[in-house]
Amino acid sequence: MQPSNGRPGGDRGGPGSSAENREAEHTASREDPWYDAMAAGWGESDGTGVTASFAPGMREGEDEAAVRARDVYLEVQRSAAFQEVRSRYRRFVVPGAVAFFAWYVGYVVTATTAPSFMARPVAGALNVAMLAGLGQFLTTFLLTWAYARHARLRRDRPALELRWNTQEMARGVRGGQS
């Protein structure tokens, strides 16, 4: 019998099934390197049969440094400079996203509820629907350009300064290590 998860071994409670299961799992693990693989630090054994309390590769002394580094990032997140960068981001993105979404939904609703209006010719074979569809592309490019310009003029420099200060603070916590 084969269970639904595709692993050989069927009835786990039958006689001799545990030895067969171990052999089948060992065979499967040789064939597939990701067979039952866990993410690093997620309940892995440290070799002594005890679940490791920290991710592999971390040393015991780094645990306190990691906590101090976390505190640096929390301090930066609470800072006025970080809040200003986030505020500038939101002041552009929220209205831009709402306006673009409204324009898109308006286009779709108009196309489905007023097909005669959308079919109205404007110039030759060009009708209102084609102009509105091309307008969707145009507004996408304009919004992308405006976002990049806004980021360059209003957010990039303060964000870069904030990143530099954060790295300096984190380096100071780690004792000058990179």
Side-chain angles (χ1 to χ4, degrees), residues 2-7 28-29 31-44 54-58 62 65-174 177-178:
Q2 184 153 348
S4 62
N5 65 3
R7 292 185 188 153
S29 66
E31 294 170 5
D32 182 9
W34 298 106
Y35 181 82
D36 279 348
M38 299 181 100
W42 285 55
E44 295 174 340
F54 54 88
M58 284 182 69
E62 290 180 340
V67 169
R68 288 191 310 238
R70 182 187 67 212
D71 291 341
V72 165
Y73 287 100
L74 288 173
E75 179 183 336
V76 168
Q77 184 180 10
R78 292 181 189 119
S79 72
F82 181 84
Q83 295 304 321
E84 179 62 26
V85 169
R86 294 294 295 168
S87 174
R88 289 178 182 181
Y89 171 78
R90 287 185 185 122
R91 280 193 305 249
F92 180 84
V93 169
V94 171
V98 168
F100 186 77
F101 186 70
W103 160 230
Y104 174 74
V105 168
Y107 171 72
V108 171
V109 168
T110 305
T112 57
T113 59
S116 59
F117 170 73
M118 295 299 265
R120 185 174 295 158
V122 175
L126 197 64
N127 61 18
V128 173
M130 292 173 126
L131 283 178
L134 291 172
Q136 291 287 318
F137 285 104
L138 179 65
T139 55
T140 300
F141 291 120
L142 285 174
L143 187 61
T144 303
W145 170 80
Y147 176 82
R149 182 175 184 273
H150 181 269
R152 181 175 29 92
L153 295 177
R154 296 206 166 65
R155 289 193 330 264
D156 284 352
R157 187 170 307 278
L160 187 60
E161 289 172 6
L162 190 60
R163 181 185 299 159
W164 182 262
N165 292 340
T166 303
Q167 293 301 317
E168 289 296 317
M169 290 167 61
R171 189 174 294 122
V173 165
R174 284 185 259 137
Q177 299 171 349
S178 302

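In this text, all values refer to a predicted model and were calculated from it rather than measured experimentally.
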Side-chain donor-acceptor contacts of residues 112-121 below 3.5 Å, not counting sequence neighbours, with atom names and distances?
| unit_1 | atom_1 | unit_2 | atom_2 | d |
| --- | --- | --- | --- | --- |
| Thr112 | OG1 | Val108 | O | 3.1 |
| Thr112 | OG1 | Val109 | O | 3.0 |
| Thr113 | OG1 | Val109 | O | 2.7 |

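Residues in residues 131-156 take part in no salt bridge (charged side-chain N to carboxylate O under 4.0 Å, His left out) pair, two or more places apart or across chains. Applying the side chain to side chain donor-acceptor pair (under 3.5 Å) test to residues at least two apart or on different chains, the pairs with a partner in residues 123-140 are Trp103-Thr139. Residue pairs meeting the salt bridge (charged side-chain N to carboxylate O under 4.0 Å, His left out) criterion with at least one partner in residues 91-112, sequence neighbours excluded, are Glu84-Arg91. The salt bridge (charged side-chain N to carboxylate O under 4.0 Å, His left out) pairs that include a residue from residues 157-166 number zero, where partners must be two or more places apart or lie in different chains.
Annotation: side-chain contact (heavy atoms from CB on, under 4.5 Å) contacts of Leu143 (sequence neighbours excluded): Phe92, Phe100. With sequence neighbours left out, Leu134 forms a side-chain contact (heavy atoms from CB on, under 4.5 Å) with no residue at all. Residues passing the side-chain hydrogen bond (donor to acceptor under 3.5 Å, both in side chains) test with Glu75, sequence neighbours excluded: none. Not counting sequence neighbours, the partners of Asp71 by the side-chain contact (heavy atoms from CB on, under 4.5 Å) test are Val67, Leu74. Remark: Ala81 pairs with Ser79, Leu162 by the side-chain contact (heavy atoms from CB on, under 4.5 Å) rule, at least two apart or across chains. Residues satisfying the side-chain hydrogen bond (donor to acceptor under 3.5 Å, both in side chains) criterion with Thr110, sequence neighbours excluded, are absent altogether.
The shortest non-hydrogen separation linking Val85 to Ala159 is CG2-N, 4.0 Å. The shortest heavy-atom contact between Tyr73 and Ala170 is OH-CB, 4.3 Å.
Taking 4.5 Å as the limit, some side-chain heavy atom of Tyr89 sits within range of a side-chain heavy atom of Arg86.
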